[in-house]
Structure formats: C-alpha cells, structure tokens
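Order of the sequence lines fixes the chain letters, A, B, ..., with proteins taken first and strands second; residue numbering starts at 1 for each chain.
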Amino acid sequence: MYNFKEIEKKWRNYWEENDTFHTDIWDFSKPKYYVLDMFPYPSGVGLHAGHPEGYTATDIISRMKRMQGYNVLHPMGYDSFGLPAEQYAVNTGNHPNGFTQKNIETFGTQLRSLGFDYDWSKTLQTSDPKYYKWTQWIFKRLYEDGYAKYVDMPVNWCEELGTVLSNDEIVDGKSERGGFPVVRKNMKQWVIDQAAFAERLLEGLEEIDWPESTKEMQRNWIGKSVGAHITFKIKDSDREFKVFTTRCDTLFGVTYCVMSPEHELVDLITTDDKKEEVVAYKEMCATKSELERTELNKDKTGVFIGAYAINPVNGKEIPIFISDYVLASYGTGAIMAVPAHDERDYEFAKKFNIPIIQVLEETTGKVYENEKTKKSIVAIVYDRENDKYLTINWKENGGRLFIGGTRHDNESAIDCAIREIEEATGYVDLKFVCEAFKINHHYYAYNKDTYFNIEATPLLFEIRSNERKKQNLDYDENFVVEWVSKECIENEIKDELHIKSLDYVLNPRAMENDSTHINSDFLNGLNKEDAINKMISWLEDNHVGSKQINYKMREWIFARQRYWGEPMPVVYTEDGQIHMLDDDELPLELPELEDYKGHNGKAPLENAIEWKKYNNRGISGIRETSTMPGSAGSSWYFLRYIDPQNDNEFANKELLKHWLPVDLYIGGPEHAVGHLIYSRIWNNYLYDKGLSPVREPFKKLVHQGMILGANGIKMGKRYPEYAVDPMDIVNNYGADTLRLYEMFMGPLEASKPWNQQGVEGAQKFLDRVYRLFVSGKIKDEKNDNLEKIYHQTVKKVSEDYEALAFNTAISQMMVFINNVYKEDVFPKEYAESFVKLLNPVAPHLGEELWEILGHKNTIAFESWPTYDESKIIDFEKEIAVQVNGKVRTTIMISADDSEDVIKERALAAENVIRHIEGKEIVKIIIIKDKIVNIVVK
RNA sequence: GCGAAUGUGGUGGAACGGCAUACACAACAGAUUUAAAAUCUGUCGGCGAAAGUCUUGCGGGUUCAAAUCCCGCCAUUCGCACCA
C-alpha cells in the first residue's frame with residue numbers, strides 16, 4: 001500500500017509553501033474561469049460526508065481548467081452568522097465570535113486536508129466587520145431606492161425563539177429550528193420588496209443553465225398569476241372593495257363574496273345582528289396557528305356578515321361572508337365566489353347552501369352543419385341494493401346507453417327524466433339524488449336521420465322498489481332494458497355524453513375547464529381566453545376593474561430579533577424619522593454584551609444601553625436593535641471574492657466586469673428557492689445600479705445529490721450509527737481515496753448510499769496505479785496495443801469531466817489501467833498523460849506520480865492532454881446482425897466495405913440462415929458501423 | 001390534492017433510438033503463501049443439460065429496431081399546499 005499519509009502531507013505543504021493556487025486576479029492575459037462552491041456555515045461538528053462531494057466536483061473542474069490554460073478563481077469562505085453561535089453565546093455568556101473562529105479554524109484545517117485548490121488569500125467571513133460593512137452599505141442603497149421599507153405587517157412570530165421567521169424558516173406551522181409553534185402577529189418590520197423584482201427574476205430564468213426543476217421551483221415560488229381587479233360596491237353604503245380573480249369571465253356566475261377575517265372593511269360593514277358571530281369567528285381564526293389552518297382546510301368554515309355586495313356586471317345583490325379560506329396576504333384579501341367553476345367556492349357553497357349558477361358549458365361530440373337544437377336529459381338510475389345501474393341496450397343500433405330523452409316545453413329536467421324513465425323502462429318508484437351541470441352535446445340520430453345540438457342535463461336517481469308500469473314505446477324503439485354493473489358500464493358505454501354524465505353525477509364538483517360561456521350576456525358562446533379579454537375591456541370601459549398581475553412571492557422580512565447578525569445601519573430620530581448612517585460611519589459593529597439573551601420578545605441588542613443611543617452630526621435617536629437575517633450576507637458573497645480586501649468599494653468594477661458571471665456554481669438543492677433567489681435579487685438590484693456587470697450572477701448551476709447512510713437513509717440525528725465522518729476516511733484511507741470514492745459513487749446529482757467497501761475499492765484502484773508507476777514498466781518506448789485505448793481514454797475523461805460525469809470518467813481510467821496491466825511496456829508519454837487525467841480527482845497522488853516520472857515542478861500548470869480522433873476509429877469492426885430486431889450473430893466489417901458486401905456477409909452467416917430459412921425477406925436495414933437488421937415474414 | 005424527478009443484476013451504477021448489464025462492490029473458483037492478509041487470473045441477470053429463451057416498475061403505442069420517444073397506471077423521493 002502506498003504511503004498516502006506521507007505523500008498527502010508532503011504535497012499539501014508544497015502547495016502552501018509555493019503558494020501554488022494563488023490567483024492573480026489582475027492577470028487578464030488568459031481566459032477566466034470562476035468556479036464557486038456554496039460556502040458552509042461553520043458548525044461545531046466540522047465537515048460532513050456531503051461537503052467533499054460538491055467541493056471535489058468544483059476542485060476537479062478548477063484543476064482541469066487551470067491545466068487547460070484558464071486563469072481560475074476558486075475561492076472559499078464562511079457564512080458565519082447563525083443561530084448555533086447565538087445559542088452558544090446565550091448559554092455561556094461568551095461572545096459568539098470566539099466560538100465561530102474556533103469552528104472556522106477546524107473547517108479550514110479539514111478543507112486543507114482534502115487537498116482543495118482554494119486560494120485562501122481570498123477567503124471571507126460574513127461576520128467580519130470588513131465584510132458586513134458592505135452588506136450594510138448595500139442595504140442602505142436598497143432603502144434609498146425604495147426597495148427596503150419599514151412597514152407594519154403581519155409576521156410569523158416564534159415566541160420560543162423570540163424572533164420573527166420568514167416563510168421558508170417555517171415547516172408545517174412550526175419553526176424549522178426546534179419545531180416551536182409560530183403565530184401570526186402584526187409588527188413594524190423591515191422588509192425588502194421582492195415582488196418588485198419578480199418579472200426580472202422570471203425573465204432571467206430563461207437565459208441561465210440551471211436544472212429545470214430548480215427553475216420550476218423558482219417560478220412556483222414567485223407564483224405569477226395574471227387576472228383582474230374588480231370593484232364591488234356595498235349595498236346601502238358608499239363603500240366598495242376590490243377582489244382579485246384570474247377568471248373575470250365567470251363574473252356572471254358569482255353568487256357570493258368572501259373576505260378574509262382580517263379584511264379592514266369587515267368591522268365597518270357587518271350588520272348589528274351579525275356582530276357577535278363575526279367577532280367570535282375572527283377570534284377563532286386569530287388563535288388558530290398556520291398548522292391548524294392547513295389541517296382544517298378540508299372543512300370550510302365562515303360566517304355571513306349581513307352585508308351585500310352589488311355585482312357590477314348585472315347589479316345582482318350577493319351576500320358577503322368571511323372565511324379563512326381567503327388569505328389576507330394574497331391579492332386584495334377578498335374574492336368573488338363562483339361555486340360552479342371553482343372547487344373551493346363549490347365546497348363552501350354546498351356547505352352553506354348558497355345558489356350555484358353555471359356559466360360554462362362543456363361540449364361533447366362533433367359539431368355538424370344544419371343542427372337541430374333541443375333540450376334533453378340523461379337519467380342515471382341506481383339500484384343501491386344490488387349495486388347496478390339501469391341501462392337500455394340498442395345492440396347494433398347504438399349500443400348501451402343510459403336513459404335519454406327530449407324535454408317538452410316548460411318541462412323541468414327532473415320531470416322530464418321521471419317521465420322518460422317510466423316510458424322507456426316502466427320503473428316509477430324513484431328518488432331524485434342530484435343534478436349535474438348541463439353539457440352541450442352534438443350528435444347524429446340514425447333513426448331520425450338528423451343532426452342535433454342539445455343541451456343535456458345529467459341526473460341521478462335511486463330506485464326505491466321494483467314497482468313497474470307498462471313501457472310506452474314508439475314503434476322504432478327496439479331495445480332491451482338491463483340492470484348492469486359499473487364494470488359493464490365502463491366497458492360498454494362508449495357515448496361521450498353518457499360517460500361524462502355518469503362521472504359528474506357520481507362525483508359532483510366544480511367544472512373548471514376551458515369551455516363555452518352560457519348565462520353570461522355578452523360573453524355567451526366565447527371560450528375562456530376571448531371571454532377574459534372581453535370582460536377586461538368591459539370592466540375598464542365601465543371603470544369597475546382592470547387587468548392585474550399578482551405574485552405569491554411576499555415581502556422578504558429583513559430583520560431578526562437576534563444578536564449574531566449584521567446590525568442595521570438605522571437610527572430612529574426623536575421626531576420619528578428614519579435616519580440611515582452615513583457611509584463613513586460603516587461598518588456599524590456589534591457591541592459586546594453582558595447578556596446575549598433577548599427578554600420578553602425584545603432583541604438582545606436592547607441590552608446594549610449605550611450602543612443603542614445615537615448622537616452624531618446633529619442627529620440624535622435610538623438605533624434599530626434587530627439584525628439582518630442569515631441570508632443577507634450570503635446574497636452577495638460571490639461578488640466580494642473577486643476583490644475581498646477592498647476598503648473603498650465592495651469590489652473593483654473592472655475586476656467584476658472581467659470575472660463575472662460565475663461560470664459554475666455547485667451546491668445543495670435545499671437552496672433552490674432561498675439563497676438562490678435572494679442572490680439573484682441582490683445582484684439584479686446591483687446590476688440596475690450599474691454596480692454589477694451581469695444580470696444573472698450564476699451562469700451554470702448544478703446541485704450535488706445527498707450522500708445517504710449505508711442504510712439508504714439520510715445521515716444525521718436519527719441514525720447516528722450510519723453517519724460517516726469524512727475525516728475518519730481521510731485518516732484511514734487518504735484524501736485522494738475519499739475524493740475518488742465520492743466521485744465514483746454515481747452521478748453527481750443523484751442521492752447515493754454510502755458503502756464502506758466501495759471506499760476500500762477506491763483505495764485499491766489508487767494503489768494499483770501507484771504500483772504500476774513503480775513497477776519499471778514505464779519506458780521510453782511505444783506500445784501499439786495501448787494506442788487506441790489511450791486516445792479513447794483521453795477523449796472520454798476530458799469530455800466526462802466537462803459534463804461533470806465523474807463516475808464514468810473514473811471508470812474509463814480504470815479500464816485503461818486494466819489494459820495497461822496486461823502489457824509489459826507502459827509508454828512514458830501515455831503515463832504522463834494519464835497522471836494529468838487522474839490528477840484533478842487525486843491531486844496528491846497526481847503530484848507524487850508526476851515526480852516519480854522525473855518532473856521537478858508541480859503538475860498543476862501542465863497542459864491538458866489531447867487525443868487523436870483518427871486513432872480511435874477502427875478499420876475493422878464487429879457489428880451485430882439482427883433478424884426481426886433480435887440479435888442472431890455478429891460479423892466483422894471493414895471501413896471500406898460497401899453495403900452490398902455487408903449485406904452478403906450478413907445473409908451468409910450460419911445463424912442468420914437458420915432464422916430466415918423459408919421466409920420472405922421484406923427489407924434489410926444497414927446502419928453503417930452499427931447494425932444490420934433483416935426483416936422477414 | 002398540485003408540480004418535478006427517479007425506477008436497469010445480490011449492491012452502487014453504464015448504455016448519441018442500434019449487441020442491455022461497462023466500471024466497481026459483494027460472492028464463488030483457481031494461482032501465490034506453511035497459513036492468513038495483500039496481490040494476480042477466471043466465473044458471475046433468470047430459466048434450461050444444451051440448442052435456446054426470457055429480462056430495464058406495470059400496461060399499451062410509435063419504429064426495421066425502445067431502458068431510451070409517446071400515452072395510461074403503480075411505487076419512491078423532493079418541492080408547494082385553500083395563492084382566488
């Protein structure tokens with residue numbers, strides 16, 4: 001076994017002493033490559049098994065690009081504000097920075113021991129005042145430009161943690177950390193108006209090379225929806241309110257309105273007799289946690305508040321309810337309810353017995369010219385006792401159907417159905433169950449030779465007894481009445497109208513499809529899109545509404561009642577004004593405290609009595625004591641790496657212009673909507689101000705998959721016995737083995753279980769390589785046996801690295817080594833190239849082997865090997881011969897064989913003859929260099 | 001409930017629509033060894049004595065040819081979750 005301990009230590013020292021990986025940031029003579037890792041939070045436990053995965057991937061790319069002649073920037077730093085350090089300070093009374101620095105030291109040692117090629121002269125910490133000076137500086141600009149605001153708004157308050165939480169810090173109504181209850185509460189808050197960037201964020205997604213699933217998640221998070229605002233007047237009042245809807249075309253189907261319980265108008269318009277009920281309901285909602293609200297979402301609740309709204313399009317009076325299924329924080333906090341065509345409104349209307357008006361009608365069948373119109377029914381009769389349905393079987397004259405029939409003038413659908421059931425089948429003891437939405441059906445009636453356009457009402461009855469009268473049939477009604485099972489119906493009823501009718505009566509629900517408008521005056525006959533456009537014009541013409549775009553994305557709450565974060569550069573003056581510190585007063589540093597715990601929901605900085613007082617340059621007041629959230633510092637760190645020591649600006653503009661965007665960014669998928677949206681927002685803002693040269697900061701993004709325990713379950717608290725400490729692997733097997741193993745486990749993006757024997761396998765391979773290099777087989781000679789596999793290997797490894805397909809690159813290197821083992825001579829030229837290919841994955845061994853080959857300098861800047869495509873192509877090749885798509889034999893062909901020759905040889909093969917004997921050859925397909933397929937009959 | 005991803009030997013996984021199971025792990029056998037470890041060589045999807053034949057979650061479809069493309073299910077994972 002090669003002495004990995006000694007070798008790895010030797011080369012780590014070499015790199016450090018020679019400053020090998022220092023990036024000259026001002027060297028613009030080579031093309032640049034900026035490769036970035038998501039920087040870690042320096043927790044007390046050090047690196048976990050997942051860290052080396054993403055970090056090795058970027059390291060491989062970084063090292064390859066450097067060898068390919070790029071000036072590479074590959075930095076590392078620490079997201080060093082955070083809760084564990086805060087908890088430590090609260091518990092021990094010590095400043096969290098000591099704890100943080102100790103952890104950073106551990107991380108630094110561990111990262112160095114893995115052999116990553118970071119330029120440590122460019123490291124940064126978000127908790128360093130030299131860094132957060134600029135976080136404060138950017139925040140100040142956001143305020144000046146109106147994106148950061150101080151507003152009164154409902155927030156997620158966690159009593160236990162004593163702080164406000166953002167939506168992504170809450171899981172199932174409880175705090176992500178600790179699982180404490182979270183309630184909604186109104187507070188004055190610092191927020192950043194994210195929605196102002198929504199449109200640009202959506203557009204930007206089109207131009208970046210990111211995983212489609214992450215882009216989709218961001219789109220959902222932004223949650224754009226295009227619709228309209230509609231103003232409803234309140235009856236007997238001069239008040240009015242707006243609703244937001246995406247289906248303004250269904251305005252004629254509105255039968256009630258709902259306001260969220262928190263809506264400002266509720267108290268003003270509730271009638272006296274409803275006050276008590278409304279107050280009780282509002283109280284119930286206020287004490288309900290988010291968790292309870294979502295758990296109860298199957299069962300709609302609400303109360304009528306006594307007031308009526310006027311539908312602007314037809315003047316109808318409609319009742320106003322409050323219900324917590326309408327959210328205060330989305331849209332206008334009030335909706336128009338169309339129970340016929342919205343699932344939630346349908347449920348609510350059913351529960352509260354509110355009328356339902358159908359304004360959309362589905363169409364079935366084919367439309368013909370010269371159709372006759374009529375109204376009709378489809379009656380479905382169910383026998384509960386025997387679980388059978390009543391059908392009539394027309395046999396070859398139309399198949400199996402339910403009972404259908406035409407409505408007489410002024411006859412209701414129910415009456416018609418009862419009459420038709422009796423006439424056709426004789427059954428009379430029926431119980432009406434329900435009626436579904438009308439369906440517009442087009443068909444051809446054979447017996448009448450006529451095309452029909454009918455409006456059919458589906459109805460469901462249950463039969464109470466077998467009481468039966470005589471059927472009353474026309475001369476041409478020649479069918480059999482049959483009770484059949486559901487299964488029989490599914491197999492035998494083919495008529496679209498009847499299938500739909502059954503579905504709708506058995507599963508009554510709102511009909512939300514895009515279909516034709518009815519009962520809608522000037523919208524009748526239009527489809528969804530046309531109707532929406534026409535309605536918006538009507539609303540605008542009549543000044544009762546307009547087109548409106550809404551986003552689910554809320555304001556980003558930008559303050560935490562914690563100590564260990566960036567202080568806000570904000571002072572509230574005695575006359576109630578907000579004053580931002582001057583730029584030369586930044587950074588505003590955190591003071592030392594006696595007590596790091598907040599009391600009674602107040603921020604810990606409230607304990608800093610002297611620090612809080614501000615009196616400078618003629619302004620006096622009190623400082624803001626909340627600090628910025630953890631995501632503040634991480635939203636722009638990729639800009640600072642480029643110029644981390646700069647005290648005059650957050651980074652030199654010329655440098656930013658040269659180095660941005662980040663060419664490759666690798667990190668976990670858990671940041672898909674948090675950090676990766678916030679970063680895009682900050683960069684977008686800076687771009688607009690001319691402070692960042694690119695709109696999108698991360699050109700290509702890849703998420704590494706999770707490394708699971710050997711049991712296939714997430715490592716961590718639940719199964720500590722399956723947790724893997726990467727440092728154990730480094731000590732027992734070597735850093736190169738760990739790197740190789742994690743890259744060989746499987747595709748970078750996939751989640752994969754740990755396998756200790758796999759680690760040993762990785763080590764075995766490295767040792768096998770090492771033994772080959774000290775075996776004496778390497779000679780300054782040629783070996784033609786290795787020529788082809790050598791060129792193939794250079795090609796595949798180069799391409800696979802580029803595509804981040806490290807597992808297949810490694811397998812190719814293994815194939816190459818297996819081939820070399822069978823030979824007596826390993827040409828030095830090939831050996832040198834092989835070391836260059838292996839080096840990015842196993843850099844310590846790479847340097848050592850390079851030295852064994854007689855080189856004095858580091859391999860880091862040696863040029864990347866090239867390959868000769870012509871050496872890869874075979875002159876002679878074995879291809880498969882198929883008969884009817886099944887491989888029967890293989891034949892040898894030469895590059896200059898004509899198709900006729902190949903055909904002849906294929907047909908002459910013994911096994912082929914056996915399979916085509918006595919059959920007619922339909923055709924022969926020859927795909928050059930690939931396959932021959934003989935089709936026979 | 002909605003959205004996205006994934007599903008291939010005992011295991012991790014390979015495979016531009018063109019010979020499914022590369023590479024590795026495990027297992028088995030042999031060589032070496034006093035013995036073991038290490039190393040080297042070989043076997044290794046199922047059924048079958050063999051010729052064969054079946055096989056990429058399940059069911060259809062497109063194609064000369066499907067793990068790969070299309071449709072419908074099922075399972076797992078991850079997001080979102082009354083967003084009007």
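- A:Ser323 comes within contact range of no nucleotide atom at all, as no heavy-atom separation falls under 4.0 Å.
- Applying the side-chain hydrogen bond (donor to acceptor under 3.5 Å, both in side chains) criterion to A:Asp897, with sequence neighbours excluded, gives A:Arg905.
- When the C1' atom is used for both B:G45 and B:G13, the distance is 15 Å, rounded to whole Å.
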Query raised in the report: So what's the dot-bracket for RNA chain B: Watson-Crick or G-U pairs under 3.5 Å, [ ] if a pair crosses, | if it pairs off-strand?
Result: (((((((..(((.....[....))).(((((.......))))).(((....)))..(((((..]....))))))))))))....
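- With sequence neighbours left out, the ring pair (Phe, Tyr, Trp, His ring centres under 6.0 Å) criterion links A:Phe232 to A:Phe241.
- Taking the side-chain hydrogen bond (donor to acceptor under 3.5 Å, both in side chains) definition, one finds that A:Arg219 meets it with A:Glu212, A:Glu216, sequence neighbours left out.
- What separates CZ of A:Phe806 from P of B:G13 is a distance of 17 Å, to the nearest Å.
- B:U53 sits 44 Å from B:A36 when the P atoms are compared, rounded to a whole Å.
- Residues passing the ring pair (Phe, Tyr, Trp, His ring centres under 6.0 Å) test with A:Tyr551, sequence neighbours excluded: none.
- If you measure from atom CD of A:Gln792 to atom P of B:A14, you get 19 Å, rounded to the nearest angstrom.
- Between B:C74 and B:C64, the two C1' atoms lie 32 Å apart (nearest whole Å).
- A donor-acceptor pair shorter than 3.5 Å cannot be found between the side chains of A:Tyr770 and A:Ser775.
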May I have the list of side-chain donor-acceptor pairs in residues 881-889 of chain A shorter than 3.5 Å, sequence neighbours left out?
unit_1: A:Asn884; atom_1: OD1; unit_2: A:Val936; atom_2: N; d: 3.0
unit_1: A:Asn884; atom_1: ND2; unit_2: A:Val936; atom_2: O; d: 3.4
unit_1: A:Arg888; atom_1: NH1; unit_2: A:His915; atom_2: NE2; d: 3.4

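- As rounded to the nearest Å, B:U63 and B:C70 have C1' atoms that lie 12 Å from one another.
- Take A:Lys777 and apply the side-chain hydrogen bond (donor to acceptor under 3.5 Å, both in side chains) test, not counting sequence neighbours, and it matches no residue.
- Toward the 5′ end of RNA chain B lies the nearest nucleotide of A:Lys822, the other residue of the pair A:Lys822 and A:Gly333 mapping further downstream.
- For A:Glu742 and B:G13, the CD to P distance is 14 Å, given to the nearest whole Å.
- The side chain of A:Lys300 lies closest to B:C82 when the candidates are B:A84, B:C82, B:C64.
- In this entry the base of B:G30 is anti relative to its sugar, with a glycosidic angle more than 90° from 0.
- A:Thr214 is linked by a side-chain hydrogen bond (donor to acceptor under 3.5 Å, both in side chains) to A:His703, counting only residues two or more places apart in sequence or in another chain.
- A distance of about 24 Å separates the P atoms of B:C73 and B:U55, rounded to the whole Å.
- A side-chain donor-acceptor contact under 3.5 Å links A:Asp800 and A:Thr808.
- The NZ-P distance, from A:Lys350 to B:C82, rounds to 24 Å in whole Å.
- Residues passing the ring pair (Phe, Tyr, Trp, His ring centres under 6.0 Å) test with A:Phe744, sequence neighbours excluded: none.
- Atoms CD (A:Glu670) and C1' (B:C78) sit 12 Å apart, rounded to a whole Å.
- For the pair A:Gln218 CD and B:C80 P, the computed distance is 13 Å after rounding to whole Å.
- Comparing A:Arg771 and A:Asn884 by the nucleotide of RNA chain B that holds the closest heavy atom to each, the one mapping nearer the 5' end is A:Arg771.
- With respect to A:Lys752 and A:Glu53, a salt bridge is recorded, a charged nitrogen being found less than 4.0 Å from a carboxylate O.
- For A:Pro747, the side-chain atoms get nearest to B:A14 when compared with the rest of B:A14, B:A84, B:C64.
- Comparing the C1' positions of B:A75 and B:U56 gives a spacing of 16 Å, expressed to the nearest Å.
- Distances shorter than 4.0 Å separate none of the side-chain N or O atoms of A:Tyr325 from OP1 or OP2 on B:A84.
- When the C1' atom of B:A4 is taken as reference, atom CG of A:Asn220 falls 9 Å away, rounded to whole Å.
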So which protein N/O to nucleotides 45-56 of chain B N/O distances come out below 3.5 Å?
unit_1: B:G52; atom_1: OP1; unit_2: A:Arg914; atom_2: NH2; d: 3.2
unit_1: B:U53; atom_1: OP1; unit_2: A:Arg888; atom_2: NH1; d: 3.3
unit_1: B:U53; atom_1: OP2; unit_2: A:Arg888; atom_2: NH1; d: 3.0

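- Residue pairs meeting the side chain to side chain donor-acceptor pair (under 3.5 Å) criterion with at least one member in residues 809-820 of chain A, sequence neighbours excluded, are A:Arg768-A:Asn818, A:Thr793-A:Gln812.
- Whole-Å rounding puts the A:Leu708 CG to B:U11 P distance at 16 Å.
- Taking atom P in both B:U43 and B:U21, the straight-line distance is 14 Å, to the nearest Å.
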Report task. Using a 4.0 Å heavy-atom cut-off, write out nucleotides 19-26 of chain B from 5' to 3' as B (base contacted by protein), S (sugar-phosphate only) or - (no contact). Result -> BS-BBSSS
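- Salt-bridge check for A:Lys224 with A:Glu199: passed, with a basic side-chain N closer than 4.0 Å to an acidic carboxylate O.
- Nucleotides B:G12 and B:A51 place their P atoms 31 Å apart, quoted to the nearest Å.
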